[in-house]
Structures are given as structure tokens and as C-alpha cells.
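Below is one structure, written out as C-alpha cells; the observations come after it.
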Amino acid sequence: MKKIAFVVMACMLVSALTGCKKVQKTDNSLENLKARNVFVLGLDDSFPPMGFRNEDNEIVGFDIDLAKEVAARLGVEFKAQPIDWDAKELELSTGKIDCIWNGLTITPERLEALAFTKPYLNNDQVLVVRKDSGIKSFSDAAGKVAGVQNGSSAQDALEHNPAFKASLKNIVPFKDNLTAMNDLETRGVDMVIMDSIVAAYDITQSGKDLVIVDDVLAKEAYGIAFRKNDLKLRDAVQSVLEEMAADGTAEAISKKWFGADITVIGK
């Protein structure tokens with residue numbers, strides 16, 4: 001009895017000295033996905049051209065086309081699941097979705113909490129303004145009102161540029177970028193801080209009287225985020241993406257949405 005107690009105490013002491021490390025859970029993420037036979041992608045369904053609803057209310061987009069092909073090559077069904085973008089990490093951690101795949105920027109903070117693929121697209125955080133705004137640079141934006149999507153990397157970019165943030169008169173949060181851009185058109189805000197890929201696509205498709213300011217607030221890259229322990233699933237998706245890049249599928253999807261191959265998979 002004393003021997004057992006000694007062993008227990010010794011184990012407790014070792015645990016304390018090593019920082020009480022948690023036991024790593026077994027990673028069955030890929031096996032579980034195939035057993036469920038469905039790959040659930042979490043997205044903001046108002047984020048063209050990455051993921052959005054078309055005139056028939058179907059969820060379409062560049063990320064959707066990529067993900068559908070990945071699911072097909074993994075041998076499972078595909079499901080696009082709209083989520084509250086401001087609560088995306090919670091949606092993932094509770095198991096409601098398998099990944100966040102919708103123009104999600106890789107940041108140091110997110111890398112600490114999530115398991116990311118390698119980047120598949122590069123992007124910039126920029127200012128979108130009305131053509132008649134007179135705003136042509138960051139200095140022109142001083143004293144103006146900016147709109148930004150809640151939970152977006154645009155918010156992160158503002159936090160990492162405190163001088164620019166302090167120069168603004170006010171920052172108005174929006175649920176999604178399309179709502180923010182509509183408010184910009186009706187002069188509710190003076191600018192929207194957002195992804196250049198999304199801004200350029202929306203301006204081109206809609207013909208809105210808006211322009212992108214040349215100054216870049218932050219350069220970034222898009223990745224696909226999984227739960228921290230779901231490395232097998234993350235690696236399987238990465239492997240399929242690299243296959244798609246090698247056989248020209250990723251290039252074809254990119255040309256469909258952007259008119260050119262702007263992917264950085266395997267490059």
C-alpha cells in the first residue's frame with residue numbers, strides 16, 4: 001500500500017515539475033470525417049467571391065469550388081454551413097463545423113489556437129472609398145469614419161496600426177462587408193477597411209462607384225483552419241490541394257473566378 005502511494009506521489013511530483021502537461025488526445029479527425037461521410041465547411045455566406053449566395057440562393061464561390069473538389073477526392077459529401085463570423089472559432093471548437101474556409105487570414109494569434117493549412121491565396125487589407133471622397137492615401141483618411149466587419153482580419157489590421165486607427169474619427173462595426181459597402185455608397189461611412197480580393201470582385205461585378213486606395217494597411221495570406229488537434233484532417237486537405245495545384249484543377253478554378261491563376265498552393 002505504501003509502495004502504491006509512493007508511486008502516485010512520485011507521478012504527481014513529475015507532473016508538477018513538467019508543468020502538468022495535458023495528455024494529447026488521439027487524432028481521429030480524418031477517420032471520423034470519413035465515418036460521418038460529410039465535410040462541413042463554416043463560412044460567412046456574404047463574402048464574394050470566396051463564398052456567397054447567388055441569385056438562386058445557392059452558396060457558391062472560389063472557396064466553395066475548391067472545397068467541393070477536396071471533399072470529392074476525400075470520398076465524402078460536402079456541406080457549406082453559414083456561421084456567425086464573429087463566433088467562428090466557437091463554431092469550430094464545438095464541432096458544428098469541420099473547418100473555417102472562407103478567406104480566413106492566417107495571424108499569429110490564430111496560429112496559437114487553430115491548425116492551419118499552408119497559404120493558398122495572398123491578400124491585402126485596404127481602404128475602399130467613394131470615387132468622389134477625396135481619400136487617396138492614409139493621411140487623407142484622418143478624421144473620417146471607417147466601417148469594418150466584426151471578427152474580421154481588418155479589425156486585426158487596425159489594432160496593429162494604432163497610429164492610423166487613432167487618426168480616424170470613428171469605427172463602425174458591421175456584420176458583413178457587403179452591408180458595409182452598401183452603407184459606404186449611401187454615405188453612412190467614409191470608407192470600408194476590408195480584403196482587397198473581395199473589394200475588387202464586388203466593385204467589378206456590381207459597377208459600384210467605389211475605388212480601392214493604393215495604400216495597403218496589411219499584407220496577409222488566406223489559410224484553412226481546423227481544430228488544433230485535427231492534424232490528420234488538416235494534412236489530408238493540404239495534400240489534396242497540392243494534388244489539385246499539380247494537375248491544374250486549382251488554376252482552372254482560380255481562372256473561373258479571377259480571370260487568372262492567383263493561387264499560391266505549392267509555390
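Residue indices begin at 1 and follow the sequence shown. What you see below is based on every heavy atom in this structure, not just the backbone, and it leaves out hydrogens, waters and symmetry mates.
- In this structure, Ser133 OG and Asp190 CG are separated by 8.0 Å, a value rounded to the nearest 0.5 Å.
- Relative orientation of the Tyr120 and Trp101 rings is perpendicular, given thresholds of 30° and 60° on the angle between their planes.
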Run Asp98 and Arg36 through salt bridge (charged side-chain N to carboxylate O under 4.0 Å, His left out) and show every step you take.
CA-CA 11 Å; Asp98 293 310; Arg36 287 187 287 109; 2.6 Å; yes

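- Taking all atoms of both residues into account, the shortest heavy-atom contact from Asn150 to Pro173 is OD1-CB, 3.5 Å.
- Put simply, the residue from Asn102, Leu43, Ile64 that forms a side chain to side chain contact (heavy atoms under 4.5 Å, CB included) with Met50 is Asn102.
- With side-chain heavy atoms closer than 4.5 Å counting as contact, directly or through intermediates, the hydrophobic cluster containing Val148 also holds Leu127, Val129, Ile135, Phe138, Leu158, Phe164, Leu168, Ile171, Met191, Ile193, Val211, Val213, Leu217.
- Taking 4.5 Å as the limit, every side-chain heavy atom of Asp176 sits out of range of all side-chain heavy atoms of Phe47.
- Rounded to the nearest 0.5 angstrom, Leu233 CG and Glu31 CD are separated by 10.0 Å.
- A donor-acceptor pair under 3.5 Å links the side-chain atoms of Arg234 to the main chain of Phe116, judged by distance alone.
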For Glu77 and Asn37: C-alpha separation, side-chain torsions, deciding distance, then whether side-chain hydrogen bond (donor to acceptor under 3.5 Å, both in side chains) applies.
CA-CA 6 Å; Glu77 298 295 323; Asn37 196 40; 4.6 Å; no

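- If you take OG1 on Thr117 and CD1 on Ile106, they are separated by 6.0 Å, rounding to the nearest 0.5 Å.
- In this structure, Phe52 and Tyr201 have tilted ring planes: the angle between them lies in the 30° to 60° band.
- Shortest non-hydrogen contact noted between Val264 and Pro119 is CG2-O, 3.6 Å.
- With hydrogens and angles ignored, the 3.5 Å screen pairs a side-chain donor or acceptor of Gln238 with a backbone N or O of Lys118.
- Annotation for Leu178 and Ser46: closest pair CG-O, 3.6 Å, computed over non-hydrogen atoms.
- In this structure, Leu121 CG and Leu104 CG are separated by 12.5 Å, a value rounded to the nearest 0.5 Å.
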